[in-house]
Amino acid sequence: MLTIEEAIDINRYGQELIDLKPLLNRFSKLNPALKRNYLDDILGLILQSKPKETDIEPAIEQSKLRPTYTPCVLLKKGVAYHNLKRLADLPDNEQEKTLVLLMSLFKIAYQRRFNEEKNSPGKWWYWDLSDRMNVERILKGMLER
């Protein structure tokens with residue numbers, strides 16, 4: 001399960017406040033089982049962002065991965081959960097490429113939802129995460145639970 005700090009960073013990536021490098025660095029330090037869990041958590045965030053089939057080609061393009069790589073070929077089958085889950089379940093040697101591709105898909109879908117739901121009171125992940133006060137409110141709220 002993602003920590004609140006990891007979730008904030010992923011959403012900051014969706015808002016283009018950080019690049020993918022720190023997320024990849026954190027991911028690379030996980031063991032294969034934890035990497036699989038991390039990818040499953042990313043799937044949840046992607047589905048929450050309501051990706052569209054039309055997001056597939058831009059996600060592949062933005063990922064800068066070759067369209068012939070296994071994760072890209074699988075993503076072309078659709079953004080339904082069972083298709084995305086197949087990406088997360090790829091062998092260990094495909095996990096980093098899978099993360100790169102899933103994060104590209106996440107960013108595209110997230111930005112669309114962010115524009116629709118920005119600053120929605122009950123959805124901190126659509127708050128402006130460049131505002132340090134918002135981040136502090138999120139962290140404080142999680143501590144109080």
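Heads up: numbering here begins at 1 and tracks the sequence.
In this structure, L84 CG and L39 CG are separated by 11.0 Å, a value rounded to the nearest 0.5 Å. To the nearest 0.5 Å, atom CG of residue L101 and atom CG of residue L65 are 6.0 Å apart. Within the model, atoms CG of N11 and CZ of F114 stand 9.5 Å from one another, a figure rounded to the nearest 0.5 Å. Summarising the geometry, atom CG belonging to D131 is positioned 10.5 Å from atom CG belonging to L17; distances are rounded to the nearest 0.5 Å. Taking CD of E94 as the start and OG1 of T70 as the end, the distance is 4.5 Å to the nearest 0.5 Å. Note: R137 CZ to L139 CG = 11.5 Å, rounded to the nearest 0.5 Å.
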Let me have the donor-acceptor pairs involving side chains of residues 54-62, under 3.5 Å, with sequence neighbours excluded, atom names and distances please.
| unit_1 | atom_1 | unit_2 | atom_2 | d |
| --- | --- | --- | --- | --- |
| D55 | OD1 | R112 | NH1 | 3.1 |
| D55 | OD2 | K52 | N | 2.8 |
| D55 | OD2 | R112 | NH2 | 2.5 |

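Among residues two or more places apart in sequence or in another chain, the side-chain hydrogen bond (donor to acceptor under 3.5 Å, both in side chains) test is passed with D92 by R36. With sequence neighbours left out, the side-chain hydrogen bond (donor to acceptor under 3.5 Å, both in side chains) criterion links N37 to no other residue. Partners of E117 by salt bridge (Lys or Arg N to Asp or Glu O under 4.0 Å), not counting sequence neighbours, listed by chain and number: R113, K123. The ring-ring contact (aromatic ring centres under 6.0 Å, His included) search around F106 returns Y110, not counting sequence neighbours. Partners of S120 under the side-chain hydrogen bond (donor to acceptor under 3.5 Å, both in side chains) rule, at least two apart in sequence or in another chain, do not exist in this structure. In this view, D40 and L43, K85, A88 satisfy the side-chain contact (heavy atoms from CB on, under 4.5 Å) rule, not counting sequence neighbours. Applying the salt bridge (Lys or Arg N to Asp or Glu O under 4.0 Å) criterion to K35, with sequence neighbours excluded, gives no partner residue. Remark: E136 pairs with R132 by the salt bridge (Lys or Arg N to Asp or Glu O under 4.0 Å) rule, at least two apart or across chains.
Among residues at least two apart or in separate chains, there is no salt bridge (Lys or Arg N to Asp or Glu O under 4.0 Å) pair with a member in residues 68-77. For residues 28-87, every residue pair satisfying the ring-ring contact (aromatic ring centres under 6.0 Å, His included) rule, not counting sequence neighbours, is listed here: F27-Y38. Among residues at least two apart or in separate chains, side-chain hydrogen bond (donor to acceptor under 3.5 Å, both in side chains) pairs with a member in residues 19-30 are D9-R26.
A donor-acceptor contact shorter than 3.5 Å is absent between the side chain of N83 and the backbone of V79. Proximity of a side-chain donor or acceptor of Q95 to a complementary backbone N or O of L90 within less than 3.5 Å is not detected.
Cluster membership for I108 and V100, using ILVMFWY side-chain heavy atoms within less than 4.5 angstrom, is not shared. Residue V73 is not grouped with residue L87 when hydrophobic side chains (ILVMFWY) are merged at heavy-atom distances under 4.5 angstrom, including chains of intermediate members.
Contact between A109 and P51 at its shortest, heavy atoms only, is CB-CA, 3.7 Å. Closest non-hydrogen pair, A80 versus E53, comes out as N-OE2, 4.4 Å. When all heavy atoms of L23 and Y13 are compared, the closest pair comes out as CD1-CB, 3.8 Å. When all heavy atoms are compared, the tightest approach of N31 to L34 is OD1-N, 2.8 Å.
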Kindly indicate, with the supporting measurements, whether the criterion side chain to side chain contact (heavy atoms under 4.5 Å, CB included) is fulfilled by I138 and L129. CA-CA 10 Å; I138 295 163; L129 298 176; 3.5 Å; yes

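Within the 4.5 Å cutoff, side-chain heavy atoms of I46 are placed close to those of I42.
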